[in-house]
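Contents: one structure, followed by commentary.
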Amino acid sequence: MGLLTDPGMERSQLPALLEKYHRPICVILYVVGIVWFMALAHNSLNHGTYFSENALLPGLVQGDFHGDSQAVQYLESLTEEAEKHASGMPYPWLAAQFTQLGLDTFTHNFTLHYPMGKDKIFTGKNVYGILRASRGSSTEAVVVSAPYRPPSSLLQGTAPSIALMLAMAHFFSTQVYWAKDLIFLVTEHEQLGAQAWLQAYHRTQSGAGVLDHGDLEGRAGAIQAAINLELHSSHVSHIDVKVEGLNGQLPNLDLVNLIHRLCQRENVHHTFKNRGDHPSPETLQGWLHQLQTLLAMVASQASGVPTGNHGLFHRYGIAAVTVEGQQQQGRGWRSVSLHQLGRVLEGVCRSLNNLLERFHQSFFFYLLPATNRYISIGVYMPPFGMIAGGVLVKALALWYSTSCAAEEQHQNKNIKKKVDYGLLGCVPLVVLMHLVSVAVSCGPPMLSRCGLIMALSAEDSVFLGTAAFCLTLLVLPSCINRYMGLQERSWEIVKIFAVLELGVLLFAGAVYNFSLALIITIAFTPVALITSPSKSRMKWCLKSLLLILVHPLSMLFLFVMLDTWQNFSQLPINKLLWKSYIATKRALMYSVVDSLIYSNWVFDVATQCLLPVWLLFWQIVHYPTP
């Protein structure tokens, strides 16, 4: 501690006041930060959207699209063809349609070596056509994509998306103003096909290398933007714009504003999170409405899972969104035809055709409480800093407390029982916690193979094995206290390590995935403030219970149960818990697979960053007291 201690610290009043009043300061920062963040949903604290990129020129040219009847013909033909391929994609039909339109048509094969369980191999094929720019040199491109879902799929069909795409390709092929290549892409196996196509297009590899992306026979220019279509019917009630991408990445705000602006011009009802704008946002009801929309975005972004195929484009610096057509009955909802949707998409593509450079002028870090309001990073970071600021205040208070104790021990040479306040003495404990957490992170593939011996599914083996490992770690403090011989007050040094590591995780994570960092901050800041050894049995039990509730696996179950309750609120409690248990197993399995295939960071952050901090807190609570 000598190297980290200011020699004049004991003469300063500020550290002493901080050490004395750090608890009320931390509580005030925590409460004020949460209230401040919730207040950002009010229009007086956020801003109206606007265009930073003047080259887009949205709505400057009158739309000419009139291929709605042709889209209906494509839809009827595709529906008939899909009946012949109940569980696959009609590759010849799609390739023939692109070829008849005069596009450069190619197919793309990819293979997935499933990383969990038996050596399963899944194959797929994408079909894409390229409309070469008539007024350019094929150096830039725009992608219009749609996933294909066969009739046997459990998800809603996307045949209208492909039919509208073909109608747009037919219309665009007759125009001469294109300065960028247009790529019309139909992917198989949802996000897997899009991931394989992007890796092959950019010649990169992501995840654990289990996806063999294959090679592309034809390419266009550098992709500037992408629009993913998910229409489930030829007549929809509104358009929902999805923005969240892999690991919480977001597209440039100008692209989101462009779609909302063109929907407004074409009289197409448009929403965000399937929630329209409140007619009176300045009222209490309007603030609550926008707060719910804001929290819905936070929950979606924190998962790190893309809300559509568009979310895989962001890692390549490509602005992309998904436009989903929703069908909702009731008063206030009017039908939107394919003609209106085509006009909107025509305006989007023509605006993107005007771009002189990549999207860069508007925001990439923002939150949306409504379709026409946004909260920038400069607005939402101050309340986040207040919520997480209590962690740093607690670390400074502990540092001052241990420094003063070390100085007092140094001056009082009559003390018989010396306490080592050096940081190096706790390094083995910290390293041990991280090694155990790495073992948890690397365990799922091995657990899935071991489950085959006991005839367990991959979901059961991974969940039960991980849960058993985490339960075993609960007895780790007793082993450490017995064999490592920790000193009397060394828990304060351990807590300094834990709190500082938590602070680094929170503030570093907020720059990449703000929503995930916000949820972790709200859950772990109270834990960091109250964690300490307790002589009282009641306090010890309460602190242990709180720590169990914020364990990464417990938090996963609680959030899944909350989501299940929102969707199935009519279920009795026993069925709700069972359904939540099944969903938790699948969520854990999906997070592991997404990490291996798409490089989703949520599982790695939970096991390699958050779990060691939790283990250190658990060790502190179970530290022996004299």
Near-ring test [Y]/[X], centroid separation under 6.0 angstrom:
{"X": "Phe524", "Y": "Trp614", "result": "no"}
{"X": "Phe364", "Y": "Phe359", "result": "no"}
{"X": "Phe384", "Y": "Phe37", "result": "no"}
{"X": "Trp197", "Y": "His213", "result": "no"}

Does the side chain of [X] reach to within under 4.5 Å of the side chain of [Y], using non-hydrogen atoms?
{"X": "Leu432", "Y": "Leu615", "value": "no"}
{"X": "Met538", "Y": "Lys543", "value": "no"}
{"X": "Thr283", "Y": "His278", "value": "yes"}
{"X": "Trp36", "Y": "Met386", "value": "yes"}
{"X": "Arg315", "Y": "Ser599", "value": "yes"}
{"X": "Trp618", "Y": "Leu476", "value": "no"}
{"X": "Val256", "Y": "His260", "value": "yes"}
{"X": "Ser437", "Y": "Gln608", "value": "no"}

Exercise for review: Take Phe497 and Glu501, measure what side chain to side chain contact (heavy atoms under 4.5 Å, CB included) needs, and give me the verdict at the end.
Suggested key: CA-CA 6 Å; Phe497 271 108; Glu501 186 173 354; 5.8 Å; no
Practice item. Report the C-alpha separation of Ser300 and Lys242 in whole Å, then their side-chain angles, then the decisive distance to 0.1 Å, and conclude whether the side chain to side chain contact (heavy atoms under 4.5 Å, CB included) test is met. Key: CA-CA 10 Å; Ser300 177; Lys242 298 181 176 181; over 6 Å; no
At what distance, to the nearest 0.5 angstrom, does [atom1] of [X] lie from [atom2] of [Y]?
{"X": "Leu255", "Y": "Leu352", "atom1": "CG", "atom2": "CG", "answer": "6.0 Å"}
{"X": "Leu368", "Y": "Lys273", "atom1": "CG", "atom2": "NZ", "answer": "9.5 Å"}
{"X": "Ile493", "Y": "Ile496", "atom1": "CD1", "atom2": "CD1", "answer": "4.5 Å"}
{"X": "Ser303", "Y": "Leu246", "atom1": "OG", "atom2": "CG", "answer": "10.0 Å"}
{"X": "Asp254", "Y": "Tyr50", "atom1": "CG", "atom2": "OH", "answer": "8.5 Å"}
{"X": "Asp240", "Y": "His270", "atom1": "CG", "atom2": "NE2", "answer": "11.5 Å"}

Review point. Looking only at side chains, do His42 and Ser44 share a donor and an acceptor under 3.5 Å apart?
Key: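 There is such a pair (donor and acceptor under 3.5 Å, judged by atom type) between the side chains of His42 and Ser44.
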Review point. Do the side-chain N and O atoms of Gln301 and Ser515 include a donor-acceptor pair separated by under 3.5 angstrom?
Key: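 Side chains of Gln301 and Ser515: pair found under 3.5 Å.
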Exercise for review: Please report the C-alpha distance between Val143 and Phe313 in whole Å, then the side-chain angles of each, then the deciding distance to 0.1 Å, and finally whether the side chain to side chain contact (heavy atoms under 4.5 Å, CB included) criterion is met.
Suggested key: CA-CA 10 Å; Val143 173; Phe313 286 81; 4.2 Å; yes
Nearest heavy atoms of [X] and [Y], plus distance in Å:
{"X": "Ile548", "Y": "Ser554", "value": "O-OG, 2.7 Å"}
{"X": "Ser591", "Y": "Leu588", "value": "OG-O, 2.6 Å"}
{"X": "Thr293", "Y": "Phe272", "value": "CG2-CD2, 3.8 Å"}
{"X": "Val243", "Y": "His314", "value": "O-CE1, 3.4 Å"}
{"X": "Gln191", "Y": "Leu312", "value": "O-CD1, 3.2 Å"}
{"X": "Asn228", "Y": "Ser145", "value": "OD1-OG, 2.9 Å"}

Main-chain N/O of [Y] paired to [X] side chain as donor or acceptor, under 3.5 Å:
{"X": "Arg586", "Y": "Glu459", "result": "no"}
{"X": "Lys495", "Y": "Ala528", "result": "yes"}
{"X": "Tyr598", "Y": "Leu192", "result": "yes"}
{"X": "Asn252", "Y": "Ile318", "result": "no"}
{"X": "Asn513", "Y": "Gly509", "result": "no"}
{"X": "Gln290", "Y": "Pro369", "result": "no"}
{"X": "Asn247", "Y": "Gln249", "result": "no"}
{"X": "His551", "Y": "Leu547", "result": "no"}

Exercise for review: Please lay out, stage by stage, how Ser580 and Thr564 fare under the test side chain to side chain contact (heavy atoms under 4.5 Å, CB included).
Suggested key: CA-CA 6 Å; Ser580 300; Thr564 305; 3.8 Å; yes
Point to revise | Audit row: Tyr316, Tyr201, ring-ring contact (aromatic ring centres under 6.0 Å, His included) steps and yes/no | key: CA-CA 11 Å; Tyr316 300 97; Tyr201 196 91; 9.1 Å; no
Check your understanding: ring-ring contact (aromatic ring centres under 6.0 Å, His included) between Phe365 and Phe514: does it pass, once the steps are laid out?
Key -> CA-CA 9 Å; Phe365 301 94; Phe514 170 79; 9.9 Å; no
**Study point:** Residues that His22 engages under ring-ring contact (aromatic ring centres under 6.0 Å, His included), provided they are two or more places apart
**Key:**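 Here no residue qualifies.
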Review point. Heavy-atom count around Met555 CE within 6.0 Å, excluding the residue itself: above 12?
Key: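 Result for CE/Met555: enclosed.
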Practice item. Using a cut-off of 6.0 Å, state whether more than 12 heavy atoms not belonging to Trp287 lie near its atom CH2. Key: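 Yes - once you tally the heavy atoms of other residues, nucleotides and ligands closer than 6.0 Å, there are more than 12.
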Can I get a per-line list of side-chain donor-acceptor pairs under 3.5 Å for residues 370-378, giving both atom names and the distance, sequence neighbours left out?
from, atom 1, to, atom 2, distance (Å)
Thr371, OG1, Asp277, OD1, 3.0
Thr371, OG1, Asp277, OD2, 2.4
Arg373, NE, Asn46, OD1, 2.8
Arg373, NH2, Asn43, O, 2.9
Arg373, NH2, Asn46, O, 3.0
Arg373, NH2, Asn46, OD1, 2.9

